[in-house]
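Any value given below was found using the heavy atoms of this structure, including those in side chains, with hydrogens, waters and symmetry copies removed. Chain letters run A, B, ... following the sequence lines, proteins first and then strands; every chain starts at 1.
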Amino acid sequence: MDHKGTKLIHKYLRHDKKFPHVWCPGCGNGIVLGALIRAIDKLGLKKDDVVMVSGIGCSGRMPVYVDFNTLHTTHGRALTFATGIKLVRPHLHVMVVMGDGDATAIGGNHFIHAARRNIDLTAIIVNNQIYGMTGGQHSPTTPYGCKATTAMYGHIEHAFSISELAVTAGASFVARGSVYHAQMLDGMLEKAILKKGFSVVEVMSNCHVQFGRRNQMGDPVTMMKRLKDHAVRIEKAKTMEPGELEGKFTIGILADVDKPVYTEEYEKIREGAKR
Amino acid sequence: MRQVIKGNHAVSHGVRLSKVKVISAYPITPQTTIVEELSEMCASGALDAKFIKVESEHSALAALIGSATAGVRSFTATSSQGLLLMHEVLHWVCGARLPIVLANVNRAVGAGWNIWADQTDSISQRDTGWIQIYCESNQEVLDSVIMAYKLAEKLMLPVMVSYDAFFLSHTSEVVDIPDQDTVDQFLPPFEPPHKVDFADPRMFGGMIGPEIYYEERYCIHKDAMAAIKTYSEICQQFQEAFGREYALAESYMVDDAEIIVVTAGTITSVARIAVRKAREKGIKLGLMKLRLFRPVPYELWRGILGGVNKVVVIDRNLIGGVGGAFVSEIRSALFPLEKRPVVYSAIAGLGGRDVTPADVLGIVEHVASGKADVDTPIFWGLKE
């Protein structure tokens, strides 16, 4: 990050209150937060028009550090709290930061229903494939065969693909990026924020402390390189055989559709019922 | 075998020695290392059980309804918000008469977020019909898990074993880990009166109307009250087998006491020191440690507390609009006495705030001086 970029981020931080942060050195969470701030800055959103909601987990700490309207909620329920905010203040940009466990395990039901309902929220899911904060238990995105503290001899369940799940559940906009592809992530977040309807940005991230360490994936730099090497652009993936994509993940925009948005539809119903 | 282990691992060993067959859990700080160790024990074969990490605490306990109905010993562990998320299922386990044991690491509830010791989580679940036991040491945690299965299976009621976050869960102490043979003799294999059995098909969880629901609820109450006698017997049998003495409530230097301080959990160890210091200062102080909180051992409490002038209950929980949960029950227990002690309430140690011997002594001296108001809790150490 150049000096200018760092300065930009500093404009949005709660400097005097909540630092130092809790994230481990080399964690991808800071990159996600940086990308989100750059996207918000580029779009020229007013701080007071942004609401950042989170659940529980390492990513759940994200709103704590930034100077927006912020709400740190219970585990898995961030989308439901955000739904309430959006209903009452539809003009606000409501962004929901979750981890893979938060969004697709304990909060999985809320996730698919927020997508189906197509309520205008921006969901950012940091997918590090593990429960990092509680010490490395397997999550719904821990790959088959990988080790976790609750799967010391290899994980026997199969991972969700969060983005494909979001597409199937009906989200208007779905993109997958990674913390290695930071500039690409800026763009994805801008599009997601602008999109009317439920938008999802899944960010593949490294947890070298709880996931990488038990799976011999090396230090943060090595894990970052791994993200680079394993990412395949969606456009390219379409030209590849399924076997070639084994163990890799696609990055890019998976869905971008226009369809009626919950809060606007609801207003129409209210207006119609008045007559 | 004596080992230096953390409170969470004391639970894991208690579960292993109890030969539990199914463990289902979801991670939450500070519970996680209990189930991590159990996961490892299951995978390595040290414990012949099935472990599953599910997608929420609600699912964790619900899965055990299945395994316990199938007739096997079942276990889960949680803490704070996780216990609250189980609320619906806690009631169901009791109504379904399933002898599940749950270890709860007492942690504060949100909002605001706090991961440290506080008993409000299990206190808020005190009316779900679960038997509740509070522990003071890692040894007691291990022993209580084993005794909990014996009690649960005798009465066909679930048991919750609670102990303080970090002060026990993440603190190492010397623990005597019993040998398997002795535990096997104390706790024979679970023989459920009813279970899913193709040779004897039954329907579980059916609808029951007004003509029988009352009686069904009465039976739960009657059997829960029977826990007082049954648990006393189990404590006696435990002492004979393992040489360690437990009771439903334990007293310390109460024989000549004029004031008794009542505690639950780790504040008890601190209060013992305060009792000795108070006596050096000429205050005849005694201590009652509360272990069994559900069912309420009314007569036992009356026997210990009934003869003194003043009782002060220290609650590491605060129910808004009420005060402390333990003091409320102590007052109820003592009310039928013709001549009863004046019961004072103190709130201390919320959200993991440290309670030292000097704090307990300070509370007691405040009560002894006659300055304390019986209608208002002593909010000890509250920053104005």
Side-chain angles (χ1 to χ4, degrees), chain A residues 18 22 53-58 60-61 63-64 70-78 80-81 99-112 130-142 146-160 162 165 210-211 214, chain B residues 6 8-9 12 23-47 49-63 76-87 105 107-115 121 165 169-170:
Chain A
K18 297 293 181 183
V22 300
V53 186
S54 74
I56 292 299
C58 300
R61 295 288 298 180
V64 174
T70 64
L71 189 59
H72 189 187
T73 75
T74 58
H75 194 19
R77 316 298 158 206
T80 60
F81 282 67
D100 41 291
D102 203 37
T104 64
I106 195 164
N109 204 24
H110 306 310
F111 180 59
I112 55 174
I130 203 81
Y131 286 91
M133 185 168 271
T134 49
Q137 298 79 18
H138 63 75
S139 86
T141 58
T142 302
C146 282
K147 287 180 182 164
T149 53
T150 44
M152 293 297 280
Y153 301 89
H155 189 35
I156 56 169
E157 297 175 21
H158 305 277
F160 267 141
I162 294 177
L165 180 66
Q210 300 292 9
F211 183 67
R214 288 190 182 86
Chain B
K6 296 187 173 83
N8 278 356
H9 289 166
S12 310
I23 299 149
S24 171
Y26 186 80
I28 185 168
T29 302
Q31 155 266 30
T32 32
T33 52
I34 302 172
V35 290
E36 280 176 7
E37 176 125 333
L38 285 170
S39 162
E40 164 68 24
M41 285 175 178
C42 290
S44 71
L47 171 61
K50 303 278 169 63
F51 171 86
I52 185 163
K53 202 231 76 185
V54 292
E55 65 279 359
S56 77
E57 285 88 356
H58 191 276
S59 309
L61 190 54
T76 189
T78 190
S79 187
S80 181
Q81 306 292 132
L83 186 68
L84 307 191
L85 189 55
M86 286 178 177
H87 180 72
V105 189
R107 166 190 145 174
V109 300
W113 281 118
N114 180 303
I115 58 168
D121 55 356
S169 69
H170 288 64

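- One distance of note links CG of B:Leu85 with NE2 of A:His75; it measures 9.5 Å at 0.5 Å rounding.
- The structure places CD of A:Glu157 at 5.5 Å from CD1 of B:Ile52, a figure rounded to the nearest 0.5 Å.
- Checked by atom type and distance alone, the side chain of B:Thr32 pairs as donor or acceptor with a backbone atom of A:Thr134 at under 3.5 Å.
- Heavy atoms of A:Ala148 lying under 4.5 Å from chain B are absent altogether.
- Here B:Gln81 contributes atom CD and A:Ile106 contributes atom CD1; the two are 9.5 Å apart, rounded to the nearest 0.5 Å.
- Of the two parts of A:Ile56, only the side chain, counted from C-beta on, holds a non-hydrogen atom closer than 4.5 Å to a non-hydrogen atom of chain B.
- Between B:Trp113 and A:Thr73, the shortest heavy-atom distance links the atoms CZ2-O, 3.0 Å.
- The nearest pair of heavy atoms linking B:Lys53 to A:Ser139 is NZ-CA, 4.1 Å.
- Put simply, the side chain of B:Ser39 gets close to the backbone of A:Thr150: a donor and an acceptor are under 3.5 Å apart.
- Chain A forms the most heavy-atom pairs under 4.5 Å with one residue out of B:Ser59, B:Ala111, B:Ser44, and that residue is B:Ser44.
- Contacts between B:Glu36 and chain A at a heavy-atom distance below 4.5 Å involve backbone atoms as well as side-chain atoms.
- With a 4.5 angstrom heavy-atom cutoff, B:Leu38 does not touch chain A via any of its atoms.
- Donor-acceptor pairing under 3.5 Å is recorded for the side chains of B:Glu40 and A:Tyr153.
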